[in-house]
Student: 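My questions will all concern the structure given below.
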Amino acid sequence: MNESDANAIPLAADGRPLEQSLQRALRRQKLRALMLIAPLLAFVMLTFIAPIADMLYRSVDNRIVSETLPRTVAALSSWDEAQAELPDRDVFDALYFDLFFAAEYKIHTRLGSRLNYQQTGVSSLFRKTGRRVDRFDTDEITEQFIALNPQWENPEFWVSLSRDKQFAQQLPTTASVWQDWLKLLAHDEKSVAEEQPEDLLYYALYLDLSQIEAGQQSPGFDWWAGTTAAVKNFTPVDMVAQFEKTDEDWLSMDVWGVLKRFSPTVTEGYFLNALDMQKTAEGIQSQPESLQIYKILFVRTMVMSLVIMGSCILLAYPVAYLLSNLPMRKANLILILVLLPFWTSLLVRTSAWKVLLQQQGVINDLLVWIGLVDDANRLVMMNNQFGTIIAMTHILLPFMILPMYSVMRTIPPSYVRAAKSLGATNWTAFWRVYFPQSVPGIGAGSILVFIMSIGYYITPAIVGGTQGIFISNRIAYHISSSLNWGLASALGAILLILVLVLYWLYDKYVGIDNLKLG
Amino acid sequence: MKLSKSLLVGGVVSLFAATAVLAQDLTIVSWGGAYSASQQKAYHDPYMAKNPDVNIINDESSAEAVAKLRAMNEAGNVTWDLVDVVASDALRLCDEGLAMEVDHDKVLAKAPDGTDASDDFGDLIVSECFIPQIVYSTTVGYRTDAVGDNPPTDICALFDTKTFPGKRALEKRPINNMEWALLCDGVAKDDVYDVLETPAGQERALAKLDTIKDDVIWWSAGADTPQLLADGEVVMGSTYNGRLFSLIEEQDQPVAMLWDAQVFDLDGWIIPAGLPEDRKKAVMDYLYFATDTQRLADQAKYISYGPARASSAPLVGKHAELGIEMAPHMPTDPKNAQNTFLYNYEFWADYRDDIDAKFQAWLVRN
């Protein structure tokens, strides 16, 4: 063995440098580990992370306005609500084109429902206008064009015009409406050459041509000079009046204000609503008191979940202690009793509580029979917070007992015996020696119960009445009834943030390392 | 041996292929319970007897149909063929573009006397997407043993806790309750919605409801009030007239029905938007059959909801099992319909979000 060999990098059996070889092995190991968890990872991503991301996005997503009314949103950008004046005529023109196509695709009412969350009445305003927008008096413009030159009636003429290079440049509005017209025909599987052009195309053409100055250079259309001159003398159609005739709400500042405020593709509106606030012309403001509900419900959900968690701790601790100190066979029997409720559906268990707790229910009957309670003054034990706490404590109890039990089982009994032999009283031995060792179990159970209870809604809905319902009941309502999924998402996102904050606090003060599930 | 085996396999395969072509699954969504049973007997069974190749699958999801349809639509996979919803939901689904618009005269059968479907259904076609089926009422039932010799005769008994002490069951939503509150606060029937349109009117209705707030148990499922009445938890409560009918006539409970200012409402079919042509065709065929005059009248044999066609009314007979005459139990019966209240769909489509927010905020506050 010579000098240079000793200084060289160590080699593996196959002659490669050892370090490289080791890294390869490690990489392979990591890859194998990754492959093993890949199915679960994909599953979690698909069924858990993706829906949460989607929900978070929905809480700010507001593309519907600018997608349904692109021209109107663009035209409104220069309008200032604070001026307290209605938007210009060109905004109404833009709205006419947008609403025509939206109504053809039947998406205008969807936007109406969306804006109705912010401004009552918009829903029917859009429904009504959508029905009438293709019967606006713009046919008068059409007739004047055809009277001027009958070839305007011919779809082929329009097609050849649209193929001209000058078309988009000279007649921008017409060109953009024409594009949408083509898309609509393609959607309806109709042929351009056969379909009679709609009035709105003539109206767009009229708008474009009336902009043309008298001396402007002709783009080379043979009809150009005569038509631009004649258009100046056309009987105009007052678009504002057309909308007013459909519904005078179109002259309402409130409607336009909402359209303007909710035209960006991303909105904070849902989050504001979820915090009992709203976006008004004067900026962000609190909702009137008669509409405030969510803050109350968030606080109530938190407080009641804490109470439920606390009562679960009180009830579960002795049971878990007993379980961990009994001989295995007896402990298993009791464990089965603890798990028994899991075999019954949640709905059945909650309904059973209803039978027990109601005023003509089993408990009241019993109390009256014993004579503890007067028949006329039966106890009210449900349709209030008491009912919710009782029923949910029962339902969530196993989730507290199990982690406690699994932690307590690992506490060696010799520690307590040692404490006693050194002179500790029963209480001191328990409180100073046993209890601190069981805290990780309490922590794990508490987090489990708390997080589960803030998301509960079936049980509060059945036994909670009006004072015992949670924020999740409102989320469920907005998901399934009002279809205000944006608001539901915002409420859900806030709930998620609250949980994460509490988790962070727990980690800071108790330490997540102290959490043990077994 | 080999030959016979391949013959057998071939036979089995071709048999499967044949059934696959023939059998047409039709997923029909409804409310479950007695209501679905009445549809099964009046519509599904006779239709399947006539069309042995059609297999009707019942899905009891009407209560969450609006949300589920939207989710299906967003996922691009609508698995339902026909959905039974209340009229206000039909309006919402139509607005959202989740239900298909239909030409009633084109797709539905004429009345026996040749009247067009749209005339036969009349005003009950509240939306282009909606095919009415039954007329029901939300009305009040009361315990006969709790009111003694002085049974309530008008809706305001709900608010009269002096004469009728005890708890009341009301639905946990503003619809119907707000109207009744205003009626009993002295607003004329024709002005109710004009008053309810204004914030002051909404406050007024809530103030009236405030007077009985401590005496109300709020229900959210149709089965709640009958149960509460049967248990004696409440002295009176609002629910659908069909539920009360079965409580009174089928279960023989000491309960009676109040026919005053009951709110007239509709239930019917919608076809989900975006069905492929073959499924649409199958649904249309079923719909033509299931909404004709005789079929609508048949349903009334099993449940006490009025048929939505004018031409069906004279054909309503006796209850299939109890043998009692059904006409007097119908919300459409002239004696019962003396003082009905008409539900305003357009109004609630606009004001539902706003008033519901106020109502729920009111409920949550003490």
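Lettering of chains follows the sequences in order, A, B, ..., and the numbering in each one begins at 1.
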Student: Is the count of non-hydrogen atoms from other residues, nucleotides or ligands lying under 6.0 Å from Glu248(A) atom CD greater than 12?
Tutor: no
Student: Only pairs of heavy atoms separated by less than 4.5 Å count here; which of Leu111(A), Asn116(A), Val122(A) has the most with chain B?
Tutor: Asn116(A)
Student: Could you measure the distance from the OG atom of Ser123(A) to the OH atom of Tyr351(B)? Nearest 0.5 Å is fine.
Tutor: 11.0 Å
Student: Please examine the side chains of Thr109(A) and Cys94(B), heavy atoms only from C-beta on, and report whether any two atoms are closer than 4.5 Å.
Tutor: no
Student: Run the numbers on Thr120(A) and Asp350(B) for side chain to side chain donor-acceptor pair (under 3.5 Å), then give the verdict.
Tutor: CA-CA 6 Å; Thr120(A) 299; Asp350(B) 274 349; over 6 Å; no
Student: How close do Glu233(B) and Gly361(A) get, counting heavy atoms only, and between which atoms?
Tutor: OE2-N, 4.3 Å
Student: So with a 6.0 Å cut-off around CG of Leu347(A), is the heavy-atom count from everything else above 12?
Tutor: no
Student: How about Asp123(B): does its CG atom have over 12 heavy atoms from other parts shown lying under 6.0 Å from it?
Tutor: no
Student: With Val364(B), which of Gln467(A), Arg300(A), Arg474(A) fulfils side chain to side chain contact (heavy atoms under 4.5 Å, CB included)?
Tutor: Arg300(A)
Student: Under 4.5 Å between any side-chain heavy atoms of Gln118(A) and Asp354(B), yes or no?
Tutor: no
Student: Using 0.5 Å steps for rounding, measure from the CD atom of Gln360(B) to the OG1 atom of Thr466(A).
Tutor: 10.0 Å
Student: Name the option with the most non-hydrogen atom pairs under 4.5 Å to chain B; the candidates are Leu483(A), Leu297(A), Asn383(A).
Tutor: Leu483(A)
Student: Do other residues, nucleotides or ligands put more than 12 heavy atoms under 6.0 Å from Phe347(B) CZ?
Tutor: yes
Student: Specify which of Pro199(B), Gly232(B), Ala273(B) makes the most heavy-atom pairs with chain A at under 4.5 Å.
Tutor: Gly232(B)
Student: Considering only heavy atoms, give the residues of residues 287-296 of chain A separated from chain B by less than 4.5 Å, sorted numerically, with 'none' for an empty result.
Tutor: Glu289(A), Ser290(A), Leu291(A), Gln292(A), Ile293(A), Ile296(A)
Student: Please flag which part of Gln202(B) lies under 4.5 Å from any non-hydrogen atom of chain A: side chain, backbone, both or neither.
Tutor: neither
Student: Does the side chain of Arg92(B) reach to within under 4.5 Å of the side chain of Ser113(A), using non-hydrogen atoms?
Tutor: no
Student: If I take atom CZ from residue Arg352(B) and atom OG from residue Ser481(A), how far apart are they, to the nearest 0.5 angstrom?
Tutor: 5.0 Å
Student: Is there a side-chain contact between Glu128(B) and Arg131(A), using heavy atoms and a 4.5 Å cut-off?
Tutor: yes
Student: Just so I know, are the side chains of Lys172(B) and Ile469(A) near enough to count as touching, which here means a heavy-atom distance under 4.5 Å?
Tutor: yes
Student: Looking at Gln358(A), Lys106(A), Gln359(A), His108(A), which makes the most heavy-atom pairs under 4.5 Å with chain B?
Tutor: Gln358(A)
Student: Show the nearest heavy-atom pair for residues Ala349(B) and Arg127(A), with the distance to one decimal.
Tutor: CB-NH2, 3.5 Å
Student: Looking at chain A, which one of Asp224(B), Val66(B), Asp356(B), Ile217(B) has the largest number of heavy-atom pairs inside 4.5 Å, strictly under?
Tutor: Asp356(B)
Student: Quick one: which of Arg173(B), Glu203(B), Glu346(B) has the most heavy-atom pairs under 4.5 Å with chain A, could you say?
Tutor: Glu346(B)
Student: What distance separates Asp353(B) CG from Arg114(A) CZ, expressed to the nearest 0.5 Å?
Tutor: 10.5 Å
Student: What part of Tyr477(A) gets within 4.5 angstrom of chain B, counting heavy atoms only: side chain, backbone, both, or neither?
Tutor: side chain
Student: Among residues 69-80 of chain B, which residues come closer than 4.5 Å to chain A, judged by heavy atom distances?
Tutor: Arg70(B), Ala71(B), Glu74(B)
